*Asks:* 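Quick one: structure below, then a few questions.
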Amino acid sequence: MEDSGNPNQMVFGLDIGTRSIVGTVGYKQGKNFVVVAQCNKEHDTRSMLDGQIHDIGRVAETISDVKRRLEKQIGGELKRVCIAAAGRVLQTMQTHSEIDLEEERTVTAEDIYTLNSVAIEDAYKEFLDENKTDMHFYCVGSSPVRYYLNDFIISNLENHKAKVIGVDMIATFLPDDVVDGLYKSVEMAGLEVANLTLEPIAAIQLAIPERFRLLNIALVDVGAGTSDISVTKDGSIIAFGMIPTAGDSLTERIANHCMVDFNGAEIIKRKADTEQVIEYEDIMGTKLTITQKQIKTLLAKDVDEMAKLAANKIKELNGGKSVGAVFVVGGGGMVPGYTESLAKKLGLASERVALRGKEVMQDIVFEHTELPIDSLLVTPIGICLNYYEESNNFVMVSFNGSKVKLYNNNNLSVMDAAMQTDFQGGGFFPKSGPELEFTINGNKRIIRGQMGEAAVIKVNGVAANLHSPIKENDIIVVEESTAGEAAHMTIGELPEYKAILTINVNGNSVDLPKYASVNGTLQSEYYDIVSDDVIEILDYYTVSQIETFMDITVAPDSVCMVNNSPADEDTKVYENFTVSWEVTDGNFDGSAYVPTNYVEEVIEKDIDEDEVKSVERPAFNISVMVNGKPIELKGKSRYVFVDVFDEIDFDRTKAKGTLITTINGHNAEYMEQLHGDENIEIYWDKERKS
């Protein structure tokens with residue numbers, strides 16, 4: 001299974017059922033499928049219930065045993081496997097989606113893939129709106145019901161010309177834990193999943209050929225824990241459904257009646273198909289017998305109820321009415337009386353409800369016949385056939401633990417996988433911490449938060465990036481980018497605060513440090529600025545503040561002069577003013593000092609804000625070209641590439657293609673330093689206009 005383009009390659013399909021695991025290995029040869037090996041192994045314990053794995057380890061052991069037996073038959077190693085999902089919590093949504101191609105042109109295969117992907121995403125969104133549980137669901141199967149070409153129904157869009165294309169899509173969802181259980185069991189058995197489909201999709205590959213799907217037909221795959229149902233009409237599969245009742249409910253009835261364990265009851269049920277009288281031993285060790293007729297009578301009500309539930313589900317899926325015929329597959333469907341009862345519930349002639357086994361396998365060639373060719377083999381062979389339908393177009397990868405199905409265009413990258421999940425595109429890029437915005441001397445100032453770390457991307461444990469190529473079964477892990485620390489600044493860190501007011505005192509030049517008013521209150525240099533603060537750096541001292549700062553004592557009866565005019569204690573002294581008075585003690589050497597109690601003494605004094613004059617020191621700015629337009633970066637002493645996103649209108653919250661980022665023609669690094677005059681390009685490749 002290494003080359004999906006080779007029709008003669010070996011395909012390994014596993015039907016992991018509630019009661020048993022059936023494995024098939026074969027290859028496509030023309031219109032035939034050649035089965036080269038097959039194996040059926042029942043679970044030793046009830047490790048699966050209602051189509052869901054309960055004991056992963058035990059199921060993995062059974063898969064390993066089937067794998068070893070098949071490898072012995074083919075004389076080679078099996079590495080990859082195709083599987084199908086089922087379960088009692090299967091949920092189905094139907095939706096209609098359209099894509100406007102902007103102008104009339106030829107529809108390509110990729111257009112159809114994109115349309116289907118959009119429809120599946122729309123169905124998933126609708127499902128999430130209706131899902132009232134805490135479970136996270138995964139899309140395990142989808143099927144286009146019909147396509148539309150400019151609002152007209154058409155069977156195949158490819159190569160037609162259209163402006164608008166549409167699709168009615170049916171999508172089926174299972175909880176993550178159901179799908180993860182399947183994958184984990186397969187991985188523990190030493191296998192990789194090559195393809196995942198839905199059990200009714202697999203079964204219908206064989207049971208209802210495409211030429212029959214014009215008819216309104218139902219397929220019921222009766223297993224041990226669930227009965228999976230699909231309905232066809234007008235050439236398409238129009239609905240999927242499931243009822244959590246199947247063969248195990250009958251086995252449990254026999255177990256309770258005969259007082260035997262589950263395995264013993266299963267043996268009795270099977271013997272009743274061919275033997276008139278069945279001998280068995282109950283849990284007390286007593287040897288007893290029961291007749292075929294007694295078992296049929298015992299199970300009659302249960303079989304009737306199982307058929308009733310299936311009939312009701314078929315009508316529900318078919319718009320409230322019966323279908324024209326029903327095909328039944330699976331081991332649980334072989335119980336006597338089931339098809340007759342189902343026909344009666346649907347108002348059909350008994351011949352219109354029939355088991356499908358050997359008669360639908362006309363194109364299947366069996367090299368060996370170890371297993372009986374009956375309805376039990378329909379699903380595992382259908383799983384193999386489904387591989388040929390989907391493997392050429394899709395690959396499966398794991399993205400942060402979720403399974404993702406991608407259209408295989410031979411150029412897939414990490415970004416493609418991210419786009420198919422709910423991972424937000426912005427999670428790849430480092431984010432700035434919260435900004436700090438305030439007013440300084442009447443001018444708005446914004447301080448950017450620290451830049452966080454870019455996303456850490458790994459593919460199969462190896463460091464990668466958004467553009468790293470990916471392939472089938474790759475494991476992608478993305479640790480989302482982080483936001484940096486919030487912007488922080490104190491009064492003392494403001495460039496304006498460090499400015500000096502120089503005056504002349506008694507013939508000596510004295511430097512006085514400026515101080516600040518925050519929201520009308522004087523604050524020290526240690527004050528932490530908060531958003532919306534209104535800050536003023538005062539550009540004057542009062543005579544009294546000068547005395548306090550210089551720690552001088554004015555002589556009694558001395559007259560203070562400011563710019564040769566008489567002044568008092570509250571007179572304001574600005575840059576280059578002269579002050580003189582007679583002093584008895586003080587420091588006049590021009591090396592002004594700040595006493596330890598100076599700030600506290602100064603900020604206790606009231607100021608008149610109306611007389612405050614602003615002083616603004618210019619910030620460091622650079623200019624770069626972004627997508628052909630000049631952008632100015634302001635307010636920082638150093639700039640890196642991601643700073644550009646703060647100044648442009650570019651939505652990074654959701655990926656819209658492959659992100660292209662270049663600086664002067666080379667790929668940009670997030671933290672690459674900018675010096676000015678760089679030519680930068682930033683765009684999604686699918687949005688770029690030629």
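It should be emphasised that the depicted structure is a prediction, and the values quoted were computed from it without experimental measurement.
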*Asks:* Between Phe262 and Glu252, is any pair of side-chain heavy atoms under 4.5 Å apart?
*Replies:*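 Yes, at least one pair of side-chain atoms sits under 4.5 Å.
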*Asks:* Contact between Val34 and Glu367 at the side-chain level, heavy atoms closer than 4.5 Å - yes or no?
*Replies:*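 Result yes, sub-4.5 Å side-chain heavy-atom pair found.
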*Asks:* With a 4.0 Å cut-off, would you call Glu71 and Lys67 a salt bridge?
*Replies:*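 Salt bridge between Glu71 and Lys67, a charged N being under 4.0 Å from a carboxylate O: yes.
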*Asks:* I'd like to know whether NZ of Lys308 has more than 12 heavy-atom contacts from other residues, nucleotides or ligands below 6.0 angstrom.
*Replies:* no
*Asks:* So, Ser236 side chain and Val145 main chain: donor-acceptor pair closer than 3.5 Å or not?
*Replies:* yes
*Asks:* Output, in order, the C-alpha distance, side-chain angles, deciding distance and verdict of salt bridge (Lys or Arg N to Asp or Glu O under 4.0 Å) for Arg69 and Asp65.
*Replies:* CA-CA 6 Å; Arg69 295 185 189 186; Asp65 191 16; 3.2 Å; yes
*Asks:* If you measure from CZ on Phe173 to OG1 on Thr92, what distance do you get to the nearest 0.5 Å?
*Replies:* 8.5 Å
*Asks:* Is a side-chain N or O of Arg213 found less than 3.5 angstrom from the main chain of Ile208, in a donor-acceptor match?
*Replies:*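 Yes, Arg213 side chain to Ile208 backbone: donor-acceptor pair under 3.5 Å.
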*Asks:* Side-chain contact test, heavy atoms from C-beta onward, threshold under 4.5 Å: evaluate it for Arg58 versus Thr62 and give yes or no.
*Replies:*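 Of all side-chain heavy-atom pairs linking Thr62 with Arg58, none is under 4.5 Å.
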*Asks:* Fit a plane to each ring of Tyr148 and His96, take the angle between them on a 0 to 90° scale, and name the class: parallel (under 30°), tilted (30 to 60°) or perpendicular (over 60°).
*Replies:* perpendicular
*Asks:* Indicate whether any N or O donor in one side chain lies under 3.5 Å from an N or O acceptor in the other, for Glu266 and Thr251.
*Replies:* yes
*Asks:* Could you check whether any side-chain heavy atom of Val59 comes within less than 4.5 Å of a side-chain heavy atom of Ile21, counting everything from C-beta outward?
*Replies:*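 Answer yes - side chains close enough.
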*Asks:* Measuring from atom CG of Leu309 to atom CG of Leu342, what distance do you get when rounded to the nearest 0.5 angstrom?
*Replies:* 11.0 Å
*Asks:* Check the pair Asp122 / Thr95 against side chain to side chain donor-acceptor pair (under 3.5 Å), numbers first and verdict last.
*Replies:* CA-CA 7 Å; Asp122 290 344; Thr95 189; 5.2 Å; no
*Asks:* Work out which heavy atom in Gln292 is nearest to a heavy atom in Ile278; give both atom names and the distance.
*Replies:* N-CD1, 4.2 Å
*Asks:* Could you tell me whether Lys41 atom NZ has more than 12 heavy atoms of other residues or ligands within 6.0 Å of it?
*Replies:* yes
*Asks:* Any idea which heavy atoms bring Asn156 and Glu158 closest together, and the distance?
*Replies:* OD1-N, 3.1 Å
*Asks:* If you round to the nearest 0.5 Å, how far is OG1 of Thr232 from CG of Leu219?
*Replies:* 9.0 Å
*Asks:* Minimum heavy-atom separation for Tyr280 to Thr289, with atom names?
*Replies:*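 For Tyr280 versus Thr289, the nearest heavy atoms are CE2-C, 3.9 Å.
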*Asks:* For the pair Leu157 and Leu115, evaluate side chain to side chain contact (heavy atoms under 4.5 Å, CB included) and give the outcome as yes or no after the intermediate values.
*Replies:* CA-CA 11 Å; Leu157 288 167; Leu115 174 64; 3.8 Å; yes
*Asks:* Where do Cys82 and Asn386 land on the side chain to side chain contact (heavy atoms under 4.5 Å, CB included) test, with the steps shown first?
*Replies:* CA-CA 9 Å; Cys82 303; Asn386 183 260; over 6 Å; no
*Asks:* side-chain contact (heavy atoms from CB on, under 4.5 Å) with Thr339: which of Val303, Val353, Val222?
*Replies:* Val353
*Asks:* Rounded to the nearest 0.5 Å, how far does CZ of Arg68 lie from OG of Ser64?
*Replies:*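 Reported value, rounded in 0.5 Å steps: 5.5 Å.
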*Asks:* Tell me, do Tyr183 and Ser398 make a side-chain contact under 4.5 Å, heavy atoms counted?
*Replies:*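 Counting from C-beta outward, Tyr183 and Ser398 never come under 4.5 Å.
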*Asks:* Does any N or O in the side chain of Asn473 come within less than 3.5 Å of the main-chain N or O of Ala194, such that one atom is a donor and the other an acceptor?
*Replies:*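 Answer holds: no.
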*Asks:* For Ile56 versus Lys184, what's the shortest heavy-atom pair and its separation?
*Replies:* CG2-CG, 3.8 Å
*Asks:* More than 12 heavy atoms of other residues, nucleotides or ligands under 6.0 Å from CD of Glu340: yes or no?
*Replies:* yes
*Asks:* Tell me, do Leu250 and Met306 make a side-chain contact under 4.5 Å, heavy atoms counted?
*Replies:* yes
*Asks:* I'd like to know whether Asp261 forms a side chain to side chain contact (heavy atoms under 4.5 Å, CB included) with Ile283, so could you lay out the CA-CA distance, the side-chain angles of the two residues, the decisive distance to 0.1 Å, and finally the verdict.
*Replies:* CA-CA 7 Å; Asp261 63 16; Ile283 59 173; 5.5 Å; no
*Asks:* Do Asp151 and Glu98 have side-chain heavy atoms sitting under 4.5 Å apart?
*Replies:*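 Answer yes - side chains close enough.
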*Asks:* Do Ser185 and Ile16 make a side-chain contact, defined as non-hydrogen atoms from C-beta onward lying under 4.5 Å apart?
*Replies:*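 No, their side chains stay 4.5 Å or more apart.
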*Asks:* Restricting to ring pair (Phe, Tyr, Trp, His ring centres under 6.0 Å), what partner residues turn up for His257, sequence neighbours left out?
*Replies:*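 Ring pair (Phe, Tyr, Trp, His ring centres under 6.0 Å) list for His257, sorted by chain: empty.
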*Asks:* Restricting to non-hydrogen atoms, name the atom on Tyr388 and the atom on Lys28 that form the minimum distance, rounded to 0.1 Å.
*Replies:*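 Closest pair (atom of Tyr388, atom of Lys28, distance): OH-N, 3.0 Å.
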*Asks:* Could you check Val323 against Ile217 for side chain to side chain contact (heavy atoms under 4.5 Å, CB included), going step by step and ending with a plain yes or no?
*Replies:* CA-CA 6 Å; Val323 293; Ile217 302 173; 5.9 Å; no
*Asks:* Would you say Arg270 has more than 12 foreign heavy atoms packed within less than 6.0 Å of its CZ?
*Replies:* yes
*Asks:* Distance check, rounded to the nearest 0.5 Å: Leu198 atom CG versus Asp228 atom CG?
*Replies:* 7.0 Å
*Asks:* Under 3.5 Å, side chain of Gln73 to main-chain N/O of Gln38, donor-acceptor pair present?
*Replies:* yes
*Asks:* Evaluate side chain to side chain donor-acceptor pair (under 3.5 Å) for Tyr147 paired with Asn116, printing each intermediate quantity in order.
*Replies:* CA-CA 10 Å; Tyr147 286 109; Asn116 290 340; 3.2 Å; yes
*Asks:* Roughly how far, to the nearest 0.5 Å, is CG of Asp304 from OH of Tyr338?
*Replies:*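 If we round to the nearest 0.5 Å, Tyr338:OH and Asp304:CG are 11.0 Å apart.
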*Asks:* Quick check: closest heavy atoms across Gly401 and Asp180, and the distance to 0.1 Å?
*Replies:* O-OD1, 3.9 Å
